[in-house]
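All figures in this text were calculated on a predicted structure; none of them were measured in a lab. In what follows, chains carry the letters A, B, and so on, assigned in the order in which the sequence lines appear, proteins first and then strands, with residues in each chain numbered from 1.
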Amino acid sequence: MNLVLFEQDRDFIVQPLRHGQMDYLEPVTEALEADLFRQLLGRQILQRLAETFPTPRQKEEVPVWLYLASQISLRLHRAAGYHAFPYVIRTGGLLAALGPAVGRQAVHPGSGVASVSCPGFNHKNRYDRQTPCDQDFLRKFARDTDSGRLQAWFNAQAPRLLRSLKLFDAEGLFVGDASYLFVPDNEHYEHSAKLLFDEHHHPVDPQKVDPRDRRYQWRRCYKLVSLIHVNRSLEFFLVVGGAGGCRAEACAPARPGAGPTGT
DNA sequence: GGTTCCACCCGTAGTCTCCA
DNA sequence: TGGAGACTACGGGTGGAACC
């Protein structure tokens, strides 16, 4: 974790920290994240995934493996949007794993301010690069990727990769899990559906309950069905496949009140 | 010269926060 | 509780670099 403080900020920030007052704790340390990406890169995992990724680009400037690594890093930091990419790069461990050929971090000896310098993968930039690629590249690459091909790619490559790494338990236990992803009530969320949920986030049949009951709420959502591999002692779980979407008929609860928890 | 990629910029809409 | 302003996410446009 990098923390650069100016003199006037110290009392304001350090004192509450000493008393255990914190609004948010970063769940991933720089060292742990760097170790993860060293494994992924050193064992050629990201490169192998990139070879089959359904890239929307006809020619490649920024490598696909960097796109995949950036997406993983954003998820690790729970970044909701690409806007956070410069901050994730500056504070996370991805840059350390990638090495100075992709970017290096330096702390100014006088001011103590940390800065990042990245050579990039082309010479189209006008300003000094703070990230290996522009956040707009990640955003538009993701937007242009065909969702159907992406889902098919994940469902094919994830089990293939896990099998090659010998990560499947010999007993071969798989669990089907359905979750509901709640979104704001905005019809621009394509293929989302409004369902009636009870106070435990279980979908219920509006024909069989009183929708005016305040315990029930109409909520817009997507449904995610995941195939998860576990061992009997539940020491780990691996998501090996999934399907998303939420047309009303597909999202209707199979058994009122017995649905999965919202996630 | 045409095409593609992407860095950079801008406008818009949605969401959040603050305050009366 | 509602309005104003700030913030954020996103789509679209532009122009330069790279390549054929």
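- A:Arg143 places its CZ atom 8 Å from the C1' atom of C:dC10, with the value rounded to the nearest Å.
- For the pair A:Arg57 CZ and C:dC19 P, the interatomic distance rounds to 17 Å; values are reported in whole Å.
- Within 4.0 Å of A:Asp136, counting heavy atoms only, lies at least one base atom of the nucleic acid.
- Contacts between residues 60-72 of chain A and DNA chain C, defined by a heavy-atom separation below 4.0 Å, involve no residue at all.
- A:Leu196 has its side chain out of reach of A:Gln217: every pair of non-hydrogen atoms, C-beta onward, lies at least 4.5 Å apart.
- One can place CZ of A:Phe141 at 16 Å from P of B:dT4, the figure rounded to the nearest angstrom.
- In this structure, the OH atom of A:Tyr82 is 17 Å from the C1' atom of B:dA7, given to the nearest Å.
- Rounded to whole Å, atom P of B:dT4 lies 16 Å from atom NZ of A:Lys140.
- If you check every strand for non-hydrogen atoms under 4.0 Å, A:Arg139 touches a base.
- An OP1 or OP2 oxygen of B:dA7 is reached within less than 4.0 angstrom by a side-chain nitrogen or oxygen of A:Arg129.
- Between B:dC6 and A:Asn125, no contact under 4.0 Å exists linking OP1 or OP2 to a side-chain N or O.
- As a whole-Å value, the separation of A:Leu138 CG from C:dG11 P is 14 Å.
- A:Phe168 and A:Pro159 make their closest contact through CE1-O, 3.5 Å (heavy atoms, listed as atom of the first residue, atom of the second, distance).
- Annotation: side chain of A:Thr145 is not in contact with side chain of A:Thr55 (no heavy-atom distance under 4.5 Å).
- A:His229 and A:Phe174 have tilted rings, their planes meeting at an angle from 30° to 60° on a 0 to 90° scale.
- With the nearest nucleotide of DNA chain C identified for both A:Asn122 and A:His83, A:His83 has the one nearer the 5' end.
- Between A:Tyr67 and A:Phe141, the ring-plane angle classifies as tilted under the 30° and 60° cut-offs.
- Of the candidates B:dC6, B:dC8, C:dT8, the closest approach to any side-chain atom of A:Phe137 belongs to B:dC6.
- Side-chain contact check for A:Leu98 versus A:Leu66: some heavy-atom pair is nearer than 4.5 Å.
- Residue A:Gln135 contributes atom CD, which lies 14 Å from atom C1' of C:dG11 at whole-angstrom precision.
- Taking 4.0 Å as the cut-off between side-chain N and carboxylate O, A:Asp144 and A:Arg57 count as a salt-bridged pair.
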